[in-house]
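Okay, structure first, notes after.
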There are 2 protein chains.
Amino acid sequence: MPSSRPLRADARRNREALLSAARQAFLGGDTDAHVEDIARSAGVAVGTLYRHFETRDALIKEVYRKEVDDLCAAPGDLLNQYAPEEALRRFLLLLVDHAAVGKGMSVALENIMATDSPVFDDARTRMADALSLLLDAGNAAGTVRGDVTGPTLLRALGGICAMRVSEGWLDEARQITSLLLDGLRHKAPRGS
Amino acid sequence: MPSSRPLRADARRNREALLSAARQAFLGGDTDAHVEDIARSAGVAVGTLYRHFETRDALIKEVYRKEVDDLCAAPGDLLNQYAPEEALRRFLLLLVDHAAVGKGMSVALENIMATDSPVFDDARTRMADALSLLLDAGNAAGTVRGDVTGPTLLRALGGICAMRVSEGWLDEARQITSLLLDGLRHKAPRGS
DNA sequence: CACATAAACGGAACCGGACTCACCTTATGG
DNA sequence: CCATAAGGTGAGTCCGGTTCCGTTTATGTG
């Protein structure tokens with residue numbers, strides 16, 4: 001029962017404005033925008049920001065959590081449109097591209113995947129589930145090995161997305177992704 | 001000409017003490033130790049710290065840079081002792097284990113590999129060279145594909161090492177590494 | 001519509017932590 | 001032993017996140 005009362009009209013407006021302003025700032029690459037600035041560009045004072053979010057960090061997390069929600073929706077759609085292996089491929093690339101939108105987003109993913117914070121438990125679980133869905137489908141179709149779990153792949157991706165900045169990173173991220181995909185495809189002999 | 005003068009005796013002592021104290025703190029997991037504390041546990045005042053290091057960040061970087069130096073020495077040795085592919089495998093795992101020593105070290109690697117900061121250009125280049133050495137040897141021996149470069153692999157590893165914390169991470173890191181290795185081994189058919 | 005009241009807002013003040021600077025201490029070479 | 005410049009010190013500044021309380025406003029009631 002998070003909402004004891006439905007939240008006053010202007011309050012919700014402001015909360016929304018704050019999230020939007022923060023999103024704007026973070027996705028724009030300015031990962032350490034000042035709370036003052038965020039508040040101002042949302043048309044409110046800092047006090048208001050703190051009424052809605054426990055802390056600066058909480059605000060950031062909220063923004064990122066929302067962003068991840070979108071991503072989590074994709075696997076289901078992809079599996080409807082493509083063969084399992086292709087769906088997996090596309091999802092991995094989608095993640096990479098998503099990270100490319102704003103450098104900030106990569107920090108988001110990194111945090112979500114590398115942090116222990118319970119705040120992300122839900123997001124992480126859902127993302128891992130999404131991956132498991134793809135992996136299982138691929139395994140059932142015989143094109144993907146069965147000894148890799150969703151959570152593990154999730155970590156690998158978190159790692160890849162953590163590589164922020166520098167010119168050619170996007171291409172390299174894609175290449176690494178395909179490398180991972182190659183690894184997933186073959187049931188390689190288990191060296192001693 | 002970095003050193004115009006050989007640096008006074010006590011100065012070098014203090015500089016060393018600071019690096020050591022910082023190393024202690026960071027590798028111990030306290031990635032955001034206060035400068036005050038670092039200085040104190042090195043037996044000097046903050047002013048002294050700032051005499052030796054432009055900024056807190058500079059100190060951290062210096063510690064990490066040194067740590068990476070060690071790692072860079074390994075590939076040569078490994079190639080002397082093992083077959084190329086095995087040497088590559090061992091080096092990758094060495095990286096992972098090194099990251100395991102202290103959680104702080106993973107942050108180190110991440111920073112070094114993901115940052116553009118010219119400070120790390122040298123470290124990054126040398127690490128990439130080390131990997132190229134291993135890849136080339138493996139390729140010459142016919143056991144490793146030839147279309148992956150040192151820098152690319154370096155990024156992938158930086159990513160993996162960026163996954164800090166949470167119980168099973170070490171095992172997962174190892175698994176992901178072997179996944180990567182599988183991808184490197186086979187010259188997989190290039191999908192459309 | 002006027003009023004009561006609880007919810008929201010504003011923004012000056014606070015506080016913790018990185019960084020500076022004017023002054024003191026000490027190594028070093030003559 | 002002195003001169004002097006390198007080195008050290010730590011109180012003070014600055015900056016940015018967070019708090020707090022007086023003021024404003026949405027909302028529902030008579």
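Naming: A, B, ... by sequence-line order, numbering from 1 per chain.
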Rounding to a whole Å, what distance do you find between [X]:[atom1] and [N]:[atom2]?
{"X": "A/Arg40", "N": "C/dG10", "atom1": "CZ", "atom2": "C1'", "answer": "14 Å"}
{"X": "B/Asp32", "N": "C/dA18", "atom1": "CG", "atom2": "P", "answer": "9 Å"}
{"X": "A/Glu54", "N": "D/dG17", "atom1": "CD", "atom2": "P", "answer": "16 Å"}
{"X": "B/Phe53", "N": "D/dG7", "atom1": "CZ", "atom2": "C1'", "answer": "14 Å"}
{"X": "B/Glu36", "N": "C/dT20", "atom1": "CD", "atom2": "P", "answer": "14 Å"}
{"X": "A/Ile38", "N": "D/dT18", "atom1": "CD1", "atom2": "P", "answer": "11 Å"}
{"X": "A/Asp57", "N": "D/dG16", "atom1": "CG", "atom2": "P", "answer": "17 Å"}

Every protein N/O within reach of nucleotides 7-9 of chain C N/O, cut-off under 3.5 Å:
| residue | atom | partner | partner atom | Å |
| --- | --- | --- | --- | --- |
| C/dA7 | N3 | A/Arg8 | NH1 | 2.9 |
| C/dA8 | OP1 | A/Arg8 | N | 3.3 |
| C/dA8 | O4' | A/Arg8 | NH2 | 3.2 |
| C/dC9 | OP1 | A/Asn14 | ND2 | 2.1 |
| C/dC9 | OP2 | A/His52 | NE2 | 3.2 |

Have a look at A/Val35 and say if it touches a base, only the backbone sugar-phosphate, or nothing, with a 4.0 Å heavy-atom cut-off.
base
Side-chain N or O of B/His34 closer than 4.0 Å to phosphate OP1/OP2 of C/dG16
no
Hey, does the side chain of B/Thr55 come within less than 4.0 Å of C/dA18's phosphate (OP1/OP2), counting only N and O?
no
Is a donor on one side and an acceptor on the other found under 3.5 Å between the side chain of [X] and the backbone of [Y]?
{"X": "A/Gln175", "Y": "B/Asp147", "value": "yes"}
{"X": "B/Arg145", "Y": "B/Gly183", "value": "yes"}
{"X": "A/Arg56", "Y": "A/Ala33", "value": "yes"}
{"X": "B/Glu54", "Y": "B/Leu59", "value": "no"}

Taking only the side-chain heavy atoms of B/Ala9 (C-beta and beyond), determine which of C/dA12, D/dA26, C/dT28 contains the nearest atom.
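Nucleotide nearest to B/Ala9's side chain: C/dT28.
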Looking at B/Arg23, I'd like to know if its CZ atom is crowded, meaning that more than 12 non-hydrogen atoms belonging to other residues, nucleotides or ligands lie closer than 6.0 Å.
no
A/Gln81 atom CD: more than 12 heavy-atom contacts under 6.0 Å:
yes
Hey, could you give me the CG/CG distance between A/Leu153 and A/Leu131, rounded to the nearest 0.5 Å?
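These two atoms lie 5.0 Å from each other.
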